[in-house]
Amino acid sequence: MATLVAALALPGAALATPGAPADKGPQPPDATTSSGPPADLDAMFIGAHPDDEAGTLSTFGQWNHDHDVTTGVITITRGEGGGNAVGPQEGPALGLIREREERAAVVKAGITDVYNLDEVDFYYTVSEPLTAQVWDHEETLAKTVRILRQTRPGVLVTMNPAPSPGQHGNHQEAARIAVEAYWAAGDPTRFPEQITKEGLTPFSPDRILMRAANGTSANGPGCAKAFVPTDASQTIYGVWSGTPSPDGRSWAAVERDAQRQYASQGWAGFPDVSTNPAQLGCDYLTLVDSRTPLPQWGTDAAYTNHAPLDGSLVAVPGGLPLGSGMTVETDQYRVLPGAAFSVTVGASAPATKSLGASTARLEVPAGWTVSGDGALGTIAAAGKSAATFTVTPPAGTTVGTRARVKAFVETAAGVGHQDEPVLVSPPVTATQQLLPQVTQYQEWAKVAHAQEFAEIVRPVLTLASGGSRPVDVVVTNHSATTQSGTVTPTPPAGFTMSPGTAAYAGLAPGAQTTVRFTAVNTDTSLKTSVEGGVGGDHLYSIAATSRTVTGTTQQALELVPTSVVPQASTSPTVDGVVSAGEYAGPVLDISRRWEGENCTTAADCSATAQVTWRDDTLFLAVTVKDDVRGTPLAASDCKRHWRTDSVEIAIDPRGTSENTSTTFKAAILPWTAEGGPCYLRDADAHQGDGPATAPGMRIASKVTEPYTGYVVETAIPMSLLPSAIDPAHMGLNVLPYDSDTQDKTGQTRIGWSVWGGVQGDPYRWGDVSLDGYVPPAGRPTTPAAPVIPTEALQSVDSPQSIVQAVRTNVALAGRPSSTTSEAGWVEKAKLRGDRVELRLRVNDSGTAHITIADADGIAGDVVAPVAESTSGLVVVAVPLTRPLAGQARALVGWDDGAGGTFSSVVSVK
């Protein structure tokens with residue numbers, strides 16, 4: 001934004017004087033400012049980036065059209081870390097584009113409210129802990145809670161909170177914020193200043209669902225009923241996208257039109273969806289929690305397109321009246337055969353309607369016993385009651401069973417249903433050590449009331465092909481008695497684990513102990529990466545005996561490729577030509593696909609790599625076969641390498657990085673619009689232009705003519721890496737990106753060690769040893785602090801957000817609204833030749849972020865620090881960059897300097 005050009009006194013008024021008392025009298029007009037009662041919504045989607053909601057817009061559109069459900073979207077970032085297929089803009093300028101795309105997309109589903117939280121989309125990462133740190137988890141949670149307390153949506157929809165392999169860490173963090181906000185928004189002890197100082201009231205949404213599901217499905221009108229969950233105790237709703245929309249097309253077709261609005265992400269060319277309803281599937285939503293009655297699972301009522309709303313926003317025939325509450329809570333998720341646990345059923349009546357005489361009852365699996373009369377008494381309007389039952393599974397119940405405890409509340413006003421999942425657990429379990437992020441996720445799930453989702457990520461560990469590693473197995477006693485027994489792994493084919501069996505003894509109730517095994521890959525012919533085992537997982541089981549029951553858990557080992565990197569007799573010449581003898585080491589096959597379309601032939605996309613080292617420098621040569629050159633980017637646009645043909649080189653110096661912030665990742669574009677190659681760093685310890693962030697790195701490329709591919713070579717001084725190399729276990733990956741288009745979109749990603757999202761998973765990169773290499777003395781083994789991009793568009797600088805704030809009376813970015821005595825707003829705006837003069841009402845010092853916008857876009861802007869004035873009036877002049885077109889408006893995002901904002905809009909006269 002430009003700086004303040006002029007702050008002029010109004011005719012007859014004094015210039016603004018710092019410290020002068022302001023006239024506090026005039027109140028901001030509701031019509032042109034963000035003053036007034038906030039918008040009231042029915043549902044809210046909470047995601048990390050623009051387009052995260054794009055796969056659910058057919059659902060939101062149906063809900064809006066069929067049931068008048070008003071939905072909003074909380075988008076934590078504006079996606080500035082993504083690509084740009086429509087221009088060279090990045091940072092805040094790209095944020096403006098992506099916000100505009102999102103608003104144009106979601107309005108096709110009837111959504112007009114998008115609340116950006118102004119956090120930075122720093123780069124692709126699979127790390128939720130890193131995301132939480134960069135975003136400041138507690139601050140972002142507070143902003144989300146504030147918006148929920150203002151807009152009061154009954155139904156929340158979010159993403160998957162688990163560190164499933166390859167899942168974006170931003171998505172995980174957005175979902176965890178949503179789940180925590182679901183519980184925190186109604187708790188007066190959470191963010192109490194929002195209640196005591198801002199005048200908000202606690203608000204508890206009715207339910208929360210995540211836009212993710214594990215199971216098998218089928219297309220067509222019966223897709224909701226046809227879905228078979230992997231976990232039978234989960235409630236997973238399906239909303240069919242083939243339902244006709246008002247214009248006669250399917251809602252799937254409407255959603256596809258919406259998705260094409262995300263042109264900057266390369267989505268403008270998405271193909272049409274099928275016109276055959278039998279080929280259209282469901283959006284699946286997994287229930288996380290509900291405070292209101294639900295359609296009974298397993299009945300046709302649970303398979304309608306409005307089932308996720310039923311009992312909250314849509315009345316259930318014969319059910320409890322809307323506004324009724326119902327909860328089912330168990331005192332433990334893991335239950336043991338023969339051991340009793342308690343179940344509490346709660347019910348509450350709407351504020352204006354009695355439920356009358358009420359009773360609760362349970363339905364449990366056959367053979368389980370229930371005690372408790374379920375009496376709830378008479379529940380008057382706004383009243384509530386609860387009943388507690390004792391449930392006991394029989395001693396012979398099969399361990400590992402996931403079951404539902406079904407509850408019913410029968411009243412004079414109708415019948416409500418809810419259920420709660422439980423896991424029948426053996427007294428003792430043994431689990432392979434978890435990756436740190438999985439451990440952290442499981443701990444979060446337990447305290448976030450989402451324990452039933454804690455173990456949805458399979459325990460995996462990697463080891464090098466033909467190599468070995470220690471495997472610690474954690475033994476947990478879930479029972480109320482001290483346990484002793486044995487732990488026995490059954491390794492997958494091609495592996496051994498020793499010892500064959502390990503004993504544990506005297507394990508107290510609730511305690512854990514660890515026993516260690518050594519895993520060895522004995523069959524070096526086994527395929528590595530995603531090609532090995534089941535989707536890359538070599539599955540095996542671990543059995544733990546106890547005094548009464550043996551429990552078995554499933555684990556996996558994953559093989560990564562390995563290589564020895566020899567020292568070169570002389571340093572290779574970095575010229576794009578691989579000469580005989582330059583690279584003495586083995587030739588690495590880097591042709592395996594990990595994302596995108598399959599290569600049609602080796603000539604379409606395949607590659608090899610060669611690696612060597614000399615004099616503290618790593619040398620790589622990559623030979624790529626390709627049949628179509630991707631679009632050449634300008635040298636000044638050498639970033640976001642996935643948009644065209646490129647080669648990414650990823651190095652984890654010590655082979656122990658938890659996320660890519662402690663790695664080195666460089667990408668080489670073999671050509672630019674100017675002709676030669678360029679290089680950059682992305683999503684690592686220091687991102688940006690290659691010469692600036694990796695000085696001393698050398699690159700070269702040679703393109704075959706006629707075109708059949710290219711060769712890139714590079715020399716990487718090891719001093720550029722964030723820490724000293726461990727010569728025995730350096731992590732390495734080489735990942736070619738193939739694009740056959742001219743629209744800055746990629747098609748296929750291939751590489752050496754490959755899984756979906758592997759560019760963000762250092763633990764899955766290949767394992768190499770540098771034969772004979774010794775790092776220089778004194779080079780630190782602890783990685784240097786990473787440089788994380790922090791620049792993001794702020795809503796006070798977004799005309800789109802300011803217009804919404806004025807319309808909805810919800811302050812920008814989840815921040816508090818400036819009080820009248822702290823606010824500033826525009827009263828008038830007049831065109832004066834090549835500038836617009838604004839008259840601001842200023843009640844306290846602050847900063848006015850002013851934008852002049854018309855039908856063609858932004859025509860001028862300034863950021864103006866403004867002090868109080870004696871009259872309370874200040875004039876600010878905004879120079880125009882071009883003549884104004886129609887519908888010109890002056891928009892002001894006011895920052896009061898104390899965390900609050902205020903928005904105002906007037907027409908330019």
Legend entry - Donor on one side chain, acceptor on other, Thr131 and Asn170, under 3.5 Å: yes

Legend entry - Ring centers of Tyr262, Trp267 separated by less than 6.0 Å: yes

Inset, instruction - Salt-bridge test for Glu101 and Arg78: reply yes if a basic N is under 4.0 Å from a carboxylate O, no otherwise. - result: no

Inset, instruction - Quick one: sort the His49 and His168 rings into parallel, tilted or perpendicular, breaks at 30° and 60°. - result: tilted

Inset, instruction - Please check if the side chain of Trp765 supplies one atom and the backbone of Val734 the other of a donor-acceptor pair under 3.5 Å. - result: no

Inset, instruction - Taking the side chain as every heavy atom from C-beta outward, state whether Met44 and Asp113 have any atom pair closer than 4.5 Å. - result: no

Legend entry - Sub-4.5 Å side-chain heavy-atom contact between Phe122 and Thr790: no

Legend entry - Contact check, side chains of Thr693 and Gln687, non-hydrogen atoms, under 4.5 Å: no

Legend entry - Asp645 side-chain N/O to Gly630 backbone N/O, donor-acceptor pair under 3.5 Å: yes

Legend entry - Side-chain heavy atoms of Trp642 within contact of Ser739, under 4.5 Å: no

Inset, instruction - Applying salt bridge (Lys or Arg N to Asp or Glu O under 4.0 Å), run through Asp895 and Arg815 and close with a yes or a no. - result: CA-CA 10 Å; Asp895 186 336; Arg815 293 165 62 182; 3.4 Å; yes

Inset, instruction - Report yes if some heavy atom in the side chain of Pro161 is under 4.5 Å from a heavy atom in the side chain of Met210; otherwise report no. - result: yes

Legend entry - Asp136/Lys143 under salt bridge (Lys or Arg N to Asp or Glu O under 4.0 Å): CA gap, chis, key distance, verdict: CA-CA 11 Å; Asp136 188 336; Lys143 292 192 288 188; over 6 Å; no

